[in-house]
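The sequence lines fix the lettering, A, B, ..., with proteins before strands; numbering per chain opens at 1.
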Amino acid sequence: MRVRFPPSPTGALHIGGARTALYNWLLAHGPAAQAEAGRRGTLVLRIEDTDRERSTEANVAQIIDALSWLGLDWDEGPISQIANTPRHRMALAQLLADGHAYHSTADAEVVRAYKERHGADRGFRGTPEADGAVRLRVPDEGVTSFVDLVRGELSFPNASMDDPIIARADGSVLYNFAVAVDDLDEGITHVVRGEDHISNTPKQLLVFKALGAEPPLYAHLPMLLGPDGKKLSKRHGAASVQELRERGYLPEAVNNYIALLGTGFAPDEEFFTMDEMAQRFRLERVSRSPAVFDEQKLRHINGMHLRALPPEELTRRLEAFTGRSGLGAAVEISREKIQTLADFWPLAGFIFDGPRDDPAAFAKVVGAEGARDVLGEVRRRLAALERFDAAAVERELRAVVDARGLKPGQVFQPLRVAIAGRTVSPGIFETVALLGRERTVALIDRALSS
RNA sequence: GCCCCCAUGGUCUAGUGGUCAGGACGCCUCCCUUUCACGGAGGAGAUCGCCGGUUCGAGCCCGGCUGGGGGUACCA
């Protein structure tokens, strides 16, 4: 089995592209490839840069960086499509010579006029000219059909298809032609791509036929949509892989989530490692309907992956993410409370940089009836504590709760705001223990004197 | 306009002719350290897009309609 991922370097790698890359990766690493050849499949990375206007090296680098971050490694490539130009020209000359293609100066205007004469459902058929762009000759009758591995048989009436332009007047080839030639040359066996390519497939099939070659198998994945039901784009916030990374998501979680979007792996589970996903992945199980990208659920899945990481590993990633070091102990007491890497600093940063005061919270909680009195007693008890660990701190704080007949929150919250400056923090006992007696007492004094 | 694809709670999905349509995210209530998150116990939320048909019986099969989406570039 040979599959490919062919991004066009006209922008960053978007979530839809990452999904396509992931599914190809899963296919190549899964049991289907194994059963077919006794070893896993080969993934080819091809850069579709035939659009010279919009393709840039920076985008290529960015896409490769995003794929690497996701852990989606490839076996061959990156192959620059533009580097295959000689071969494309050769194939084009062959079709021209065979009469499968012809030069035509007909532009959109001419095509429109043609349809006015012959009916909107009649595909444009040109007459060979001496120069102009190159069009592929589509049969007048019959259908071009194929069995889509996720949708079943798809069929297109030839009569309604325009003769597609496969090369510009300057001889440079266009997408539908280059792709077919490259898929053929690279021995691609399975083309797995987005639904937006469904109507390109018959054109490419016709190119294979004109070349006298056997086409690969095709599978079209459903579209990924934004919360508004429209195609996912930058307008929906985090649309690129790079942005997801900057927002503190883990690559394993991103992979897990986008795999879930559009495939029902298992009835009751949603947490999967790459290996588990590759084992379970089946093209036939891929959903046919478009899916809405839901960041809330990504957050949830990300939290699961975060907590599944060994503490040292989580610490390493958090240190890389925040650019700080010595985070170990704080990470230990925060790991149950964060869902993304970006959640950590706002939650526990005060342990290192001191409180970031939220005046409203301060006024409300520390300024509450009896709160200062409670804080005073908490201070006395903690100051007198011999062993300053989480268990001892908890004992003292609960003693205050019991002695005064208060609710736990009436004691814990003022203390939390005193040491963190806000109502959000890791567990109060562990946090106080980590801060130590000196700093805790000083922070309480600071709150009391404010 | 034309060609094509799709349609189960707000979202992702399970379900392939016969249990009260199951799970997850989110939401609500309660508990856990009145926040955040995790975990636990409950709850609200779906006339399975609509109309016909096939069948003793349809979310599952067929047809039509409606709605959404993709394509319709000398872009990919």
From C-beta outward on [X], which listed nucleotide comes closest to its side chain: [options]?
X        : options             : value
A:Asp294 : B:C38, B:G10, B:C36 : B:G10
A:Ser199 : B:C25, B:G71, B:U33 : B:G71
A:Glu195 : B:G69, B:A37, B:A24 : B:G69
A:Ile165 : B:C12, B:C3, B:C74  : B:C74

Worksheet entry | Who pairs with B:C48 - Watson-Crick or G-U, where each distance is under 3.5 Å | none
Discussion item. Need the pair for B:U11. Rule: Watson-Crick or G-U wobble, both distances under 3.5 Å, any strand; none if unpaired.
Written reply: B:A24
Integer-rounded Å distance: [N] [atom2] and [X] [atom1]:
X        : N     : atom1 : atom2 : answer
A:Asp163 : B:A73 : CG    : P     : 13 Å
A:Asn176 : B:G71 : CG    : C1'   : 11 Å
A:Glu336 : B:U33 : CD    : P     : 14 Å
A:Arg285 : B:U16 : CZ    : P     : 10 Å

Respond yes when some side-chain nitrogen or oxygen of [X] is under 4.0 Å from OP1 or OP2 of [N], and no when none is.
X        : N     : value
A:Arg398 : B:U33 : yes
A:Thr50  : B:C75 : no
A:Gln339 : B:C38 : yes
A:Arg151 : B:C4  : no

Worksheet, complete the sentence: Quick note, ring-ring contact (aromatic ring centres under 6.0 Å, His included) partners involving residues 154-177 of chain A, not counting sequence neighbours, are A:Tyr175-A:His197
Discussion item. Whether A:Arg137 engages the ring of A:Tyr102 as a cation-pi pair (distance to the six-membered ring centre under 6.0 angstrom, angle to the ring normal within 45°) should be assessed.
Written reply: yes
Discussion item. Check whether A:Tyr23 forms a cation-pi arrangement with A:Arg19 (NZ or CZ under 6.0 Å from the six-membered ring centre, at most 45° off the ring normal).
Written reply: yes
Discussion item. Between A:Gly427 and A:Lys297, which residue's closest nucleotide on RNA chain B lies nearer the 5′ terminus?
Written reply: A:Lys297
Fill in: Of A:Arg307 and A:Asp196, the one whose closest RNA chain B nucleotide lies more 5'
A:Arg307
Worksheet item: Is the distance between the ring centroids of A:Phe352 and A:Trp345 under 6.0 Å?
Response: yes
Worksheet item: Can you check whether A:Tyr257 and A:Tyr249 have ring centres sitting under 6.0 Å from each other?
Response: no
Worksheet item: With a 3.5 Å cut-off and just heavy-atom distances, do the side chain of A:Asp49 and the base of B:A76 make a donor-acceptor pair?
Response: no
